[in-house]
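In listed order, ligands and their atoms are each counted from 1. Side chains are part of it too, since the values below use all heavy atoms of this structure and drop only hydrogens, waters and symmetry mates.
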Amino acid sequence: MRTKSHPDKETKVAVIGAGIVGLMTALEIQRTGRQVVVIDPGEPGGRQAASYGNAGWISTSNIMPLSVPGLWRDVIGYLLDKSGPFVIRWAYLPRLLPWLIRFVWAGRNWKKVNDCAKVRFELCRHSAEDHKNVAAEAGVGHLIEQKGQLYIYRDKSQFLAAASGWDMRRRFGIKVTELGKDDLRKLEPNISARYTCGVLLDDGCHCTDVKAYCEAIAELIRKRGGKFIRARATGFQISDGRLRAVKIGEASIECEQAVVTAGIGSKELAAAAGDRVSLESERGYHVMIADGGRTATRPIMPADGKIGITPMRQGLRIAGQIELASFKAAPDWRRADILHQFASRVFEAPFESDKVIDRWMGHRPATPDGLPCIGPTRSCGGLFYGFGHGGSGLAQAPATAKLLAALVAGQRPRLDVSPMSVRRF
Ligand SMILES: Cc1cc2nc3c(=O)[nH]c(=O)nc-3n(C[C@H](O)[C@H](O)[C@H](O)COP(=O)(O)OP(=O)(O)OC[C@H]3O[C@@H](n4cnc5c(N)ncnc54)[C@H](O)[C@@H]3O)c2cc1C
């Protein structure tokens, strides 16, 4: 095994995790001429990954963190409503408390939110273009559709309650188009008349089959000489302050550098490297129904339900819910039923009786401050982190990948990564 003090193009880089973040990262690292080996016990973008079941929204405007001043008032309301979009399994509360305190603290004033939004903006502003380019390169350009994203409101007061978020987006130069009842109807004729106004974000895209997209990227990586190993990474061999190998149980994979992009699994890996990170699963669900294309033609979010409704290749996907519970706990399929019932009432012709073709639960890997963890580990040279993208990992994956590829190559990344450092925990 060769040991180098400076990363060069012969360096073998292990990428741990084959969700959208790991795959994009492996692809970007390959562009710098390095060899990559991707380690994951599951298939690329398989059911085990959050990337499999998300709503497919590629938002160039997803700048707002979840924690904002006053959020607590809404959360109390949600917690009292058993069919609401947010739930905590109370038995988990003692373990969750440190994360929750950090979460509330992170959004304590609008200055904090604005600072966070600045970084989030940089992570998502080019995501539509970047995804379109990667999808075309992987031969699946048709999987990315640009029809914008539509937020709908029952009435003006509901819209005004969200106005600070839209104002902030405008200040960042994001195009926000307000729509009245007639405009809404023209755009999406099947929406229930109960929704009277909306906002269209023209620049947003969506992916109509994230699993197929992940598979295509994996295939591209293979074609370019990358390897995939079906195994769970369990730790690291570190000596003289440098990474030497990634452990997979009793065996190990020698490498000079490694990137941890293992979604919610990154917490354990960071601990194995000696880093404590504040990362919890915001568990989410989806339901897919065979709607025959008679509902939405573009991604829609009804503000009262906080759910993403996305037309996909196989049918209509209804994704959402934030359930704070251990990532090992069994799914509570009542959460998926809530999504189904709610979405059905968003349209003129309810579809509660339509065939459900898939139900899924997955883990948004969430930090309390709304920023991912991107940068070098504290523990040794050659090991980097790229996880914690919460509910925005599809959108933030291309920018994350470019930042990590630069760090791995020993170059200065185009964005200051210090706000995303593991040191903040
Ligand atoms: C219901 C829902 C809706 C969402 N909607 C959107 C959306 O519309 N737009 C958006 O941008 N984001 C959305 N998200 C968030 C997005 O899905 C995630 O942020 C993103 O998928 C995270 O990608 P990842 O690659 O970091 O993690 P994952 O996709 O979870 O992939 C991690 C991979 O690491 C592997 N792994 C774990 N531990 C190990 C280990 N020890 N060794 C090796 N491999 C390991 C896993 O097997 C997995 O394949 C949504 C999430 C949910 C749950």
Side-chain angles (χ1 to χ4, degrees), residues 14-26 38-60 62 85 120 123-124 127-128 131 149 204-207 210-211 213-214 217-218 228-236 246-249 253 258-272 279 281-287 299 301 306-310 312 317-323 327 335-336 339 359-367 372-374 385-401:
V15 176
I16 307 173
I20 190 68
V21 177
L23 292 166
M24 285 269 176
T25 300
V38 184
I39 306 167
D40 197 311
E43 287 173 27
R47 279 189 91 88
Q48 80 289 347
S51 304
Y52 172 90
N54 60 44
W57 290 38
I58 297 170
S59 308
T60 51
N62 195 347
R120 289 177 63 91
L123 291 175
C124 71
S127 63
H131 273 297
Q149 289 153 357
C205 289
H206 69 286
C207 179
V210 193
K211 163 90 170 102
Y213 181 35
C214 287
I217 300 173
F228 281 76
I229 295 180
R230 289 284 286 263
R232 175 169 298 282
T234 50
F236 306 95
V246 174
K247 290 185 198 164
I248 46 170
I253 296 166
V259 184
V260 177
T261 49
I264 195 65
S266 305
K267 185 176 181 174
E268 269 181 32
L269 287 167
L279 188 74
S281 169
E282 287 176 359
R283 294 151 53 106
Y285 292 79
H286 86 216
V287 176
M301 180 166 294
K306 306 245 178 296
I307 56 177
I309 301 174
T310 315
M312 294 214 163
R317 178 169 293 179
I318 305 142
Q321 291 278 314
I322 291 182
E323 182 188 38
F327 86 99
R335 311 310 308 171
L339 290 173
R359 288 205 309 182
W360 171 88
M361 191 276 292
H363 305 281
R364 298 179 190 87
T367 61
C373 183
I374 301 176
Y385 294 137
F387 59 81
H389 297 80
S392 317
L394 177 61
Q396 295 177 350
T400 301

- Note on the structure: The answer for which part of R232 has a heavy atom under 4.0 Å from ligand 1 is both

- Query: Are any of the N/O atoms in G265 less than 3.5 Å from those in ligand 1?
  - Reply: no

- Query: Is there a nitrogen or oxygen of G53 sitting under 3.5 Å from a nitrogen or oxygen of ligand 1?
  - Reply: no

- Query: Got an N/O contact under 3.5 Å between L394 and ligand 1?
  - Reply: yes

- Is there at least one pair of N or O atoms, one from G391 and one from ligand 1, spaced under 3.5 Å apart? yes

- Task: Return yes or no for this condition: an N or O of N54 is under 3.5 Å from an N or O of ligand 1.
- Result: yes

- Note: A272 and G235 closest approach over all heavy atoms is CB-CA, 4.0 Å

- Item | Heavy-atom nearest neighbour in the protein, as seen from atom 47 (O) of ligand 1, with distance rounded to 0.1 Å | D40 OD1, 2.8 Å

- Is the closest heavy atom of H286 to ligand 1 under 4.0 Å? no

- May I ask you to decide if the ring planes of F327 and H363 are parallel, tilted or perpendicular, using 30° and 60° as cut-offs? perpendicular

- Message: With a 6.0 Å cut-off (strictly less than), is the heavy-atom count around CD of E268, excluding the residue itself, greater than 12?
- Response: no

- Task: Identify, for atom 37 (C) of ligand 1, the protein heavy atom at the shortest distance, and state residue, atom and that distance.
- Result: A262 O, 3.4 Å

- Item | Of the listed options S266, G263, G204, closest to atom 27 (O) of ligand 1 (non-hydrogen atoms) | G263

- Query: Just which atoms of ligand 1 are under 4.0 Å from any heavy atom in S392?
  - Reply: 10 (C), 11 (O), 12 (N), 15 (C)

- Query: Does any N/O atom on A55 come nearer than 3.5 Å to any N/O atom on ligand 1?
  - Reply: yes

- Look at atom 18 (C) of ligand 1 and find which of P44, G390, S51, G19 reaches it with the closest heavy atom. G390

- Query: Atoms of ligand 1 less than 4.0 Å from I39 heavy atoms?
  - Reply: 43 (C), 44 (N)

- What do you reckon, does G308 put a non-hydrogen atom under 4.0 Å from ligand 1? no

- What about Y285: any of its N or O atoms under 3.5 Å from an N or O on ligand 1? no

- Note on the structure: ligand 1 to A233, heavy atom cutoff 4.0 Å, flagged ligand atoms 40 (C), 41 (N), 42 (N), 43 (C)

- Item | Spatial distance of atom CE (M361) from atom CZ (R335) [nearest 0.5 Å] | 12.5 Å

- Which residue holds the protein heavy atom closest to atom 9 (N) of ligand 1, what is that atom called, and what is the gap in Å? W57 O, 2.8 Å

- Message: Regarding ligand 1, does P41 bring an N or O atom to under 3.5 Å of one of the ligand's N or O atoms?
- Response: no

- Item | Identified side-chain contact (heavy atoms from CB on, under 4.5 Å) partner of P372 from the options T261, L279, L123 | L123

- Judging by distance only, is a nitrogen or oxygen of E43 under 3.5 angstrom from one on ligand 1? no

- Message: Rounded at 0.5 Å granularity, tell me how far CD1 in I16 sits from CD1 in I229.
- Response: 11.0 Å

- So, is I16 polar-close to ligand 1, with some N/O to N/O distance under 3.5 Å? no

- Task: Give the atoms of ligand 1, by number and element, whose distance to some non-hydrogen atom of A395 is under 4.0 Å.
- Result: 11 (O)

- Query: Do side-chain atoms of Q149 reach the backbone of C205 as a donor and acceptor pair under 3.5 angstrom?
  - Reply: yes

- Closest protein heavy atom to atom 30 (O) of ligand 1, given as residue, atom name and distance to 0.1 Å: A50 N, 2.9 Å

- Query: Of the backbone atoms (N, CA, C, O) and the side-chain heavy atoms from C-beta on, which set of T310 has a member under 4.0 Å from an atom of ligand 1: side chain, backbone, both, or neither?
  - Reply: neither

